[in-house]
Amino acid sequence: MDQPLPFQAIADLVRHHAFARPRQPALVQGQRSVDWGQLHTMMDRVAASLQRDGIKPNQTVAICAANSLEYAAVFLGALRAGAAVAPLQTGSLSSQLAGMVADSGAKHFFVDGALPAFATGARRIYMDGSGSPSLADWLAPEGARPKPVRTRPHWPFNIIYSSGTTGIPKGIVQPHSMRWAHVARAESYGYGPNTVTLIATSLCSNTTLVCFFPTIARGGCVVLAPPKFDAATYLALAEKVHATHTMLVPVQYQRLMARPEFDDYNLSSFVMKFCTSAPFHAPLKADVLERWPGGLVEFYGMTEGGGSCILEAHNFPDKLHTVGRPAEGHDIRLVDEEGREVPSGQVGELVGRSGSMMTGYHNQPGKTREAEWFDIVGNRFIRTGDTGRFDADGFLTLMDRRKDMVISGGFNIYPSDLEAILRKHPGVSDAAVVGVPSLEWGETPVAFVVPAAPALDTRALRDWANAQLGKTQRLSDLRLIQALPRSEIGKVLKRQLRDEYRALTP
């Protein structure tokens with residue numbers, strides 16, 4: 001077995017690339033680009049400016065903005081100063097953003113002009129120059145050098161806030177060691193100095209960072225796609241820049257593969273494509289494998305870390321219905337409602353342990369304890385809230401989020417089973433099933449369907465689906481919807497569907 005790579009700070013690796021290949025592009029966005037020498041200099045200026053303002057190692061800065069070269073440079077520069085970064089979702093409510101900035105303890109808040117005004121104790125710095133001070137005015141002068149900082153593996157790297165739909169999302173503290181674990185396995189996926197990674201998801205998302213930082217650490221080039229995802233624009237850009245790697249969420253793969261002209265694009269430069277964050281259905285994986293050159297890897301895991309599974313779809317085309325096997329060094333177990341391990345082959349909640357684990361939820365020790373499970377010898381695991389089972393080959397099939405499971409008349413109903421049936425109907429483009437209160441059964445399953453064509457008969461579709469479902473699984477209602485509500489990274493917002501149904505139904 002290969003020896004694990006000794007820990008290095010990612011910000012220090014940029015310095016190495018700057019001296020080894022100063023004129024090679026590191027970041028590209030539209031007609032603008034930054035080479036390794038320029039990125040190294042910009043990071044020094046950001047780090048020196050933060051130190052000038054009194055920011056010390058392990059303190060936090062916050063960023064809320066669209067993807068940009070400046071965003072990437074500020075994130076990396078803050079790491080060089082030893083600070084942790086809280087990248088915040090631009091789609092959050094003002095009240096949520098104010099709460100997250102306060103919770104993170106950030107004294108500096110890097111934004112662009114699109115961000116709505118709200119009160120915060122942090123100093124705003126406008127990266128796009130739309131306010132005062134602008135990033136250019138705030139930065140230390142050319143040639144500024146920060147005091148050296150020796151980054152430790154246990155230091156906080158970033159605080160990723162969960163995408164809660166109500167209240168203030170939980171801050172997930174990820175240490176440098178967790179990010180380094182992603183970098184350490186990057187070589188096996190073909191990352192290197194010739195890598196061109198096309199980024200089409202937000203830099204505030206852990207989904208993006210799983211691909212962004214290995215590219216930077218290995219000396220590749222990151223190309224930032226336009227902020228608003230468009231399938232035709234993405235394909236043209238991938239062909240133009242000869243992209244080798246990308247990270248996309250399932251809904252993006254779905255839109256890309258549905259383009260009539262998809263096969264007209266030359267995508268032969270691709271080495272590896274990645275997917276995470278939401279259910280990636282087997283037929284879509286098969287379509288990507290058949291028509292899109294290069295390997296396809298699905299990561300299953302949580303932002304909180306713990307246990308991850310990896311499916312190298314190109315190597316295991318008969319396992320596309322699974323999310324793969326536990327990654328090397330990852331211990332994943334299944335437990336019941338009482339926290340007892342369940343026998344092999346049975347369904348249980350996934351708990352995981354690895355070198356990639358959050359320190360905890362920021363300022364929320366109670367929530368941290370709720371997320372933890374300990375085995376009989378005291379090893380710490382992270383609870384996923386997902387249910388699943390392992391097959392005889394050790395591949396994991398996911399069932400559902402534990403909180404999304406419907407318990408009807410004492411029977412467990414997994415919405416994913418019902419959704420899979422609905423998607424087989426030619427008139428269905430997409431579907432989501434949720435549980436709603438029922439006086440007779442406690443809960444009952446209701447389907448929301450995106451039609452593939454107008455004039456879809458809901459009663460006929462419900463009867464068609466129920467004819468293929470078990471007696472306890474049958475849908476009590478079916479509603480058509482123009483599009484399923486999704487988070488920034490493509491997760492279906494089932495809580496929103498449940499709330500809407502309750503509001504419209506007596």
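Please read all numbers here as calculations on a predicted model, not as lab measurements. Side-chain atoms are counted along with the backbone in the values below, which use heavy atoms only and exclude waters and symmetry mates.
- Remark: of the listed residues Y253, F299, Y300, F212, F299 is the sole one forming a ring pair (Phe, Tyr, Trp, His ring centres under 6.0 Å) with F274.
- Taking the charged nitrogens against the carboxylate oxygens, D53 and K107 have no contact shorter than 4.0 Å, which rules out a salt bridge.
- Judged purely by distance below 3.5 Å, without hydrogens or angles, the side chains of T201 and T208 pair a donor atom with an acceptor atom.
- Residues E142 and T41 meet the side-chain proximity criterion, which asks for heavy atoms closer than 4.5 Å.
- In terms of heavy-atom proximity, V149 sits nearest to P57 at CG1-CG, 4.2 Å.
- Note that the CG atom of N58 and the OG1 atom of T151 stand 9.0 Å from one another [nearest 0.5 Å].
- For P146 against A48, the heavy-atom pair with the smallest separation is CB-N, 3.7 Å.
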Check: So K273 and H314, side-chain contact (heavy atoms from CB on, under 4.5 Å) or not? Walk me through it.
Finding: CA-CA 10 Å; K273 304 173 296 296; H314 49 287; over 6 Å; no

- Could you give me the CA-CA distance, side-chain angles and deciding distance for D375 and R353, then say whether salt bridge (charged side-chain N to carboxylate O under 4.0 Å, His left out) is met? CA-CA 10 Å; D375 66 12; R353 170 180 171 82; over 6 Å; no

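- The closest donor-acceptor contact from the side chain of T197 to the backbone of V222 lies at 3.5 Å or more, if one exists at all.
- Counting only heavy atoms from C-beta outward, the side chains of S416 and L398 never approach each other to under 4.5 Å.
- The heavy-atom pair separating L50 from A78 by the smallest distance is CD1-CA, 3.7 Å.
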* To do: Could you please spell out the steps behind the salt bridge (charged side-chain N to carboxylate O under 4.0 Å, His left out) verdict for E298 and K319?
  => CA-CA 12 Å; E298 179 181 12; K319 297 291 187 179; over 6 Å; no

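- In terms of heavy-atom proximity, P175 sits nearest to P153 at CB-O, 3.7 Å.
- Figure legend: cation-pi geometry between R52 and W138, with NZ or CZ positioned under 6.0 Å from the six-membered ring centre and within 45° of its axis.
- For the pair V196/S269, no side-chain contact is recorded, criterion being any heavy-atom separation below 4.5 Å from C-beta on.
- Applying the 6.0 Å contact sphere to CZ of R389 captures no more than 12 heavy atoms from other residues, nucleotides or ligands.
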Inset, instruction - Decide yes or no on side-chain contact (heavy atoms from CB on, under 4.5 Å) for L69 and M42, but give the supporting numbers first. - result: CA-CA 10 Å; L69 304 182; M42 179 67 162; over 6 Å; no

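- A donor-acceptor pair shorter than 3.5 Å can be found between the side chains of Q174 and N158.
- A salt bridge links D331 with R333: the distance from a Lys NZ or Arg NE/NH1/NH2 to an Asp or Glu carboxylate oxygen falls below 4.0 Å.
- Going from atom OG1 of T246 over to atom CG of L256 covers 8.5 Å, rounded to the nearest 0.5 Å.
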Practice item. Let me see the working for Q24 and C221 under side-chain contact (heavy atoms from CB on, under 4.5 Å), right down to the final yes or no. Key: CA-CA 8 Å; Q24 181 173 314; C221 176; 5.9 Å; no

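- For the residue pair R80 and H40, a side-chain donor N or O sits within less than 3.5 Å of a side-chain acceptor on the partner.
- Contact of the Y189 side chain with the R218 side chain is not registered, since no non-hydrogen atoms from C-beta on lie closer than 4.5 Å.
- F157 pairs in a ring pair (Phe, Tyr, Trp, His ring centres under 6.0 Å) with only one of the listed residues (W180, F7, F213), which is F213.
- Scanning all heavy atoms of the two residues, the minimum distance from E419 to A432 falls at OE2-CA, 3.4 Å.
- Rounding to the nearest 0.5 angstrom, the gap separating the CD1 atom in I63 from the CD1 atom in I125 is 10.0 Å.
- Salt-bridge formation is not detected for the pair E304/K367: no Lys NZ or Arg NE/NH1/NH2 atom is positioned less than 4.0 Å from an Asp or Glu carboxylate oxygen.
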- Derivation and outcome, side-chain contact (heavy atoms from CB on, under 4.5 Å), residues L320 and L289: CA-CA 10 Å; L320 301 186; L289 284 177; 4.0 Å; yes

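- A donor atom on one side chain and an acceptor atom on the other are not found under 3.5 Å apart for S92 and Y161.
- A donor atom on one side chain and an acceptor atom on the other are not found under 3.5 Å apart for T60 and S104.
- In this structure the side chain of H16 never reaches within 4.5 angstrom of the side chain of Q8, judged on heavy atoms.
- The shortest side-chain heavy-atom distance between L224 and I199 falls under the 4.5 Å cut-off.
- P227 has its side chain out of reach of N67: every pair of non-hydrogen atoms, C-beta onward, lies at least 4.5 Å apart.
- Nearest heavy atom pair, residue I216 against residue V14, reads CG2-CG2, 3.8 Å.
- Going from atom CG of L209 over to atom CD1 of I160 covers 5.0 Å, rounded to the nearest 0.5 Å.
- Put simply, the side chain of P169 reaches to within 4.5 Å of the side chain of M100, judged on heavy atoms.
- One distance of note links CG of D128 with CD of E70; it measures 8.5 Å at 0.5 Å rounding.
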